[in-house]
Amino acid sequence: MNSRPIAPSLNGPPRCTDRWPLSSLGKRLSPSESKRTSSAANPVIDPRLFASARSTPIKGKSIAQGDRKLSQAAISARGRSLPPVWTLAYTALAGLYFQHWAPEVTDAFAAALGPSTIGERIGKPVDRARQLAGDLWFYYGSRYGEYLKATGQPDRDAYLASEIEGTPAQAGAYFRLAECYREYGDFDRAVIDYEHALELDPSSVEALLRIAVIRWDQGRRAEAESRFQTALTVLAELQDQRHVPESFWGTARSTLELIGERKLLPELRPAIDRLVQTYVRRNGSYRVEPMLRGILAAAGAPDGVRWILDLARAANDQTAFLDGLTDAAWIAMPERGLCYTRIIEVAAQKVAESHGEARELARGELYRLQLKCARYYLDQNEPRLARLMLESVPDQVRASRRGETAPIEVGISVREGRLTEFLEGYRREHEKASADTTFLLMRARDGSLITSRWDDPERPLPLGSLLKPFAALAYGETHAFDYPQLLCRGTADQCWLPHGHGRVTLDRALAHSCNAYFHVLTTQLNGDTMSAVARRFGLGNRDAGVSAGAFIGMGKGWKVAPIRILAAYCELAKRRGEPGVSEIVRGLSISSRQGTGRAIGDALPGLDLLAKTGTAPCTHLPNEPGDGDVVVLYPSDGSGVAVLLRAHGVPGAQAASLLAEM
């Protein structure tokens, strides 16, 4: 039996009286032989638990967030209730982890591993409270070998091989040993142990890749190419298995990236094509992203995208496969245009080849993709291409999908500088709308009217909750823009929603036009401050005797000309970067998606909108309980258009629905 000491002496530098290099052994310990060195592992020591030790909180931090001293404090604190070997083992691991090359770390390794040789230890009991035993000894022996190698001490190779001595038939042990040699620059020794790993596990693509990279860096191109070729072959075999290993996808991506980095695509592309085409034919889009990203990284853009589109021909449902590519964040926006071009071709071909009901379904899918492509061109600031794609959809289909086409048409008109023409056509289209509905359409950047149906937009009117954003700004200016969070209990707090809005912040209060929230704000707001904000935004002055409720549109006390309130909202949007205004703008944005203005967002999905609704005392005959108002801005930065609509006899949320229908 070999007489190598299991651990060095506690005193002085570590020494080994009989090294045990693998290359000099006639035979290695079998698993059964290695187990006879001890009967069981220490029950309280598990190297995998080092992560939990590193997360032990000390002074509000974890070891992973701290440093070596913090680490040792955590280990010492936790070790008080555990056997001494626990503290020794984790002190040793922490020293290696933090690269703390110190005598106390060496001593911790030595004490945990013990001074006895294997021969002395067989058949003899070990005090497991003070020393490691069983399989864990071999694990810590390997870590000690890493420590010795890092510090340039002797006997490192013998200890590095400890894990193999404990598990001589496991490929992973050889792989980990090879990784250690590779990390320390001993590449030829690393290759030897990668080869040993492959002897035990020929399907280890990771080992093949490591050898390929090492040989490439050594200038042995032919051997590197051969190893990459073998790795592709193994990957092809792995995907033929009934249960594909979880590592397959990540390893496939790494293989392709490494091949691309070394410009070996021309030589290896046939094998790559066979691998990926087979996968796509069998699995379609299922977990294909890692392989496709590997191809893109290997070939670069746009060649990688063209290669992927060629591989997509293998999919049973090309349209679904390509549709996923148009939404792939890992494909740059300019290159997605190639995907759109291809998917439109495939969808059109499917229409031509279909019959009956299948053709109608294919047509519907083609129209959906054409509208999606038009939105893509619009986002890419290609209005001409967006218009061509939009006009490829039949007129009757565009009319039936107004919710989808209207935002595209507006966006194209803005980018082409033809917004006035478009909106004039829109006005003519809807000029027969109910006489009970009036509106103003304004160019937001300069406050000029584009078109209107409002008898006297300069005549001041009560405008209800449309005043709330400006009341909020006045409050913010006197409270360091620290907007409160408040509880709305509904009717009990004078809110329009009987059961209340619950706890609300400013943005949510604006989005849902919560009266209770703004009643509280007005109790801490004086008339002079509100008047100052009103003058700044062109909303006039507070009349004497007007109640605080008028600040948020309650009653008829504060009247503002419709054209002035619309211009004020445009100005508010342009000041969105100023203190306190960002919260207000966020509330108007939420309103267009989830609040009282939600109907607008539902009708124009995906657009960057601001919306605010309000219900004011009726100014029409016959008199109704109230009139509904809604202001909408697109886009939200005040660079586009703004509309104010008033509907007779309905609340503000319903006015938003009427505008959405228009």
Side-chain angles (χ1 to χ4, degrees), residues 1-20 29 31-54 71-72 74-97 100-149 151 153-168 173 176:
M1 179 60 65
N2 193 286
S3 60
R4 182 178 67 86
I6 288 183
S9 167
L10 287 173
N11 301 315
R15 296 184 179 277
C16 183
T17 58
D18 184 5
R19 299 188 184 187
W20 199 354
L29 282 177
S32 61
E33 289 172 328
S34 66
K35 287 180 180 177
R36 287 200 297 271
T37 62
S38 60
S39 59
N42 298 66
V44 296
I45 302 293
D46 185 342
R48 293 171 298 181
L49 296 180
F50 184 55
S52 93
R54 289 194 293 115
S71 167
Q72 193 57 53
I75 292 170
S76 298
R78 188 168 179 178
R80 292 191 190 103
S81 60
L82 294 169
V85 69
W86 191 96
T87 300
L88 292 171
Y90 281 111
T91 297
L93 281 185
L96 181 62
Y97 176 83
H100 179 52
W101 320 130
E104 59 265 28
V105 178
T106 304
D107 291 346
F109 269 116
L113 293 169
S116 302
T117 65
I118 292 177
E120 293 170 342
R121 198 155 174 176
I122 289 178
K124 295 181 181 179
V126 173
D127 185 353
R128 299 180 189 281
R130 297 184 178 281
Q131 290 183 15
L132 295 165
D135 292 344
L136 280 174
W137 186 95
F138 295 101
Y139 173 85
Y140 276 86
S142 290
R143 303 295 75 74
Y144 186 50
E146 290 183 41
Y147 180 82
L148 294 176
K149 193 165 185 66
T151 55
Q153 299 184 52
D155 303 324
R156 56 198 179 217
D157 292 337
Y159 282 99
L160 279 172
S162 295
E163 197 170 355
I164 294 176
E165 296 161 11
T167 54
R176 286 187 289 274

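- None of I75, V85, L82 except one satisfies the side chain to side chain contact (heavy atoms under 4.5 Å, CB included) rule with Y90; the exception is I75.
- R143 CZ to L113 CG: the interatomic distance, rounded to the nearest 0.5 Å, is 11.5 Å.
- Ring to ring, Y140 and F109 are not that close: their centroids are 6.0 angstrom or more apart.
- Residue A129 comes nearest to P83 through the heavy atom pair O-CB, 3.6 Å, listed as atom of the first residue, atom of the second, then distance.
- To the nearest 0.5 angstrom, H100 atom NE2 is 10.0 Å from T91 atom OG1.
- L96 CG to T151 OG1: the interatomic distance, rounded to the nearest 0.5 Å, is 10.0 Å.
- Closest non-hydrogen pair, P84 versus R130, comes out as CG-NH1, 4.0 Å.
- The shortest heavy-atom contact between V105 and A92 is CG1-O, 4.0 Å.
- A donor atom on one side chain and an acceptor atom on the other are not found under 3.5 Å apart for T106 and Y144.
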